[in-house]
Amino acid sequence: MTDSEVAVGVTHVADDTMKMTGCGSCGMYMILEGAPGKSFVCMKCRLIELMEEKIRGLEMQVESLVEFRKGFEQIMEQRHEVSEGKSSDLQMEAGLGNFEGRLGEESGQWKHVTKRTRQRKRRASEGEIELQNRFAELENEEGAQQVVTEGDRARKKRRAVSPIGKGEELMEITPNMSPRRIQDGLKRITRENGNGKNLQPEGTGDRLENSTVTRKRQVYVIGDSLLRRIDRPVTRADPENRRVCCLPGAKIRDVDLRLKRILKGAGKNPLIILHVGTNDTARFSLESIKGDYVRLGRTLKEIEAQVIFSGILPVPREGQQRCDKIMTINRWLRQWCYKEGFGMYGHWEAFMDRGQFSRDGLHLSREGNRLLGWRLAQLIKRALN
C-alpha cells in the first residue's frame, strides 16, 4: 500500500468522526466529534440560560421584600392610629376632670386637684395695709434746714469756684475727669466770657506739662534675606517695640544708605542688631568689605544707639575657599567692634549642620530660621537687661 492510499483512508475516517451540528437555541453551526444528541445547545446559550435563572431568582427576592415592606408599613400605621386614639381619650378625660373640678369649687361640695392647680395669691385687706408719710420730717423746720445744709456741702465738693472773683461757679468737676478735659472746659468758658483771663485751676497746668509717657526701648533687627521668617520668635515678647527689617539681596552699602530712614521713629537709645555681609563676600575683596563696615560704623555713631553686629554665617555650597574668607572677616569684625565700642555675636559653631540650610546652600531652612530667631531673641533679652 502506498502513502497516498494511506492518506486517503485517514481522511475518510476523519470525515466519519467529525460532523457539523447546529445549536438548538441560537442556530449556530459547529464541527464536533462523534454524533451529538438531538437537543444540542452550545456553551454560550447555556451561560445565557444560567444568567436568566439568576435574574428570575433576584426578581422573586425583590418582590418578597416589597411585600414585606408594605406589610410593615401597614402595621406601623395601625399602631400609630391606636396611639393617637389613646392620647385623644386621655385628653378628653383630663378636660372632663378639670371641668368637674371647677364645678366642685363653685359648688363648695367637693374639689378635684391636679398637678397644674396653682394656689391663688391672697390679697391683703385694706385693714392690713400700713400707710405712712415718708416726708413727714421735712414738714419740721429743723429737718428742712438740716437737709439744705447737707445738700450745700455736697454741691461745694462737686463744683470748682472761679478765681476771677465773687465766687461764681463756672463748671462742675467730677473726680473722674481728666486734666485735659478740665483744661478744655476752662478754655471754653474763657471764650464765652470774653475776658481773656486764665481760668485754669491752680496746679493743673504744671501737672499736664510734667506728665510724660514712659516708652520702652525700641529694638531693630536689620539685615539681608537670611532674616526671613524670624520675626515671630524675635517680636513675640514685645511686638509693639520690636521690628525685623529684611532686605533681600542687601549688602553693607545698601544698609548704610537706608539705615537713617529705617530708624526715623526709633526714639532714644534704640537697640540695633545688624546681620549683613553674606552677599558682600561673594563679590568684593576683603579690603572693600572692611571699608564698607567702617563707613557703616560712622553712620551708627551719629544715631546714638546700642549696636550689635551679628556674625556672617557659613555658605555650604561655595566650598572651603569662601568659608575661609568668611572666617577671616568674622575675626576682623570682632576686633573692630571691640575697638569702636560695638557688640559682636557669632553663630559659626551653631550652624555647622548642613540640614540647617536649604537646598541652594545659601539660605536657611525652617529649622535654621527657628534657631537663628531663637538666638537673636536671647541676645535681645540679655542686651535689654
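No hydrogens, no waters, no symmetry mates; every other heavy atom, side chains included, goes into these values.
- Panel note: side chain T235, backbone V244; no donor-acceptor pair is recorded below 3.5 Å.
- To the nearest 0.5 Å, atom CD1 of residue I312 and atom NZ of residue K325 are 9.5 Å apart.
- Residues L274 and L300 meet the side-chain proximity criterion, which asks for heavy atoms closer than 4.5 Å.
- With F284 as the aromatic partner, R253 meets the cation-pi criteria of under 6.0 angstrom to the ring centre and within 45 degrees of the ring axis.
- With 3.5 Å as the limit, one finds a donor-acceptor pair spanning the side chains of R322 and T281.
- The shortest non-hydrogen separation linking V234 to A377 is CA-CB, 4.4 Å.
- Side-chain polar atoms of Q218 and R242 form no donor-acceptor pair below 3.5 angstrom.
- If you chain together hydrophobic residues whose side chains sit under 4.5 Å apart, V315 and L227 never meet in one group.
- Between the side chain of N269 and the main chain of R217, no donor-acceptor pair closer than 3.5 Å is present.
- Environment of CZ in R382: crowded, with over 12 heavy atoms of neighbouring residues, nucleotides or ligands closer than 6.0 Å.
- Defined by atom type and a distance below 3.5 Å, a donor-acceptor pair is present between the side-chain atoms of H347 and R375.
- When side chains are defined from C-beta on, P314 counts as touching W348, because their heavy atoms get closer than 4.5 Å.
- Closest approach of I272 to A305, counting heavy atoms only: CD1-CB, 3.7 Å.
- Using a 30° and 60° split on the angle between ring planes, F309 and W336 fall in the perpendicular class, above 60°.
- Among all heavy-atom pairs drawn from D224 and C246, the shortest one is O-SG, 3.4 Å.
- Residue-environment remark: CH2 (W374) stays at or below the threshold of 12 foreign heavy atoms within 6.0 Å.
- Within the 4.5 Å cutoff, no side-chain heavy atoms of I326 are placed close to those of L313.
- Here the CG-CG distance, from L259 to L296, works out to 6.5 Å after rounding to the nearest 0.5 Å.
- The existence of a salt bridge linking R69 and E73 is confirmed by a sub-4.0 Å separation between a basic side-chain nitrogen and an acidic carboxylate oxygen.
- Side-chain contact between Q306 and P270 is absent, with no heavy atoms from C-beta onward closer than 4.5 Å.
- Under the 4.5 Å side-chain criterion, counting only non-hydrogen atoms from C-beta, H80 is not in contact with E77.
- When all heavy atoms are compared, the tightest approach of L286 to I329 is CD2-CG1, 3.5 Å.
- Considering only heavy atoms from C-beta on, E340 stays 4.5 Å or farther from Y293 through its side chain.
- Taking a cutoff of 4.0 Å between a charged side-chain nitrogen and a carboxylate oxygen, E304 and K268 do not qualify as a salt bridge.
- In the displayed structure, R354 atom CZ is contacted under 6.0 Å by more than 12 heavy atoms of other residues, nucleotides or ligands.
- Atom CG of D254 and atom CG of L247 lie 8.0 Å apart (nearest 0.5 Å).
- Residues R317 and L362 are in side-chain contact: their nearest non-hydrogen atoms beyond the backbone lie under 4.5 Å apart.
- The closest side-chain heavy-atom distance from M344 to L333 is below 4.5 Å.
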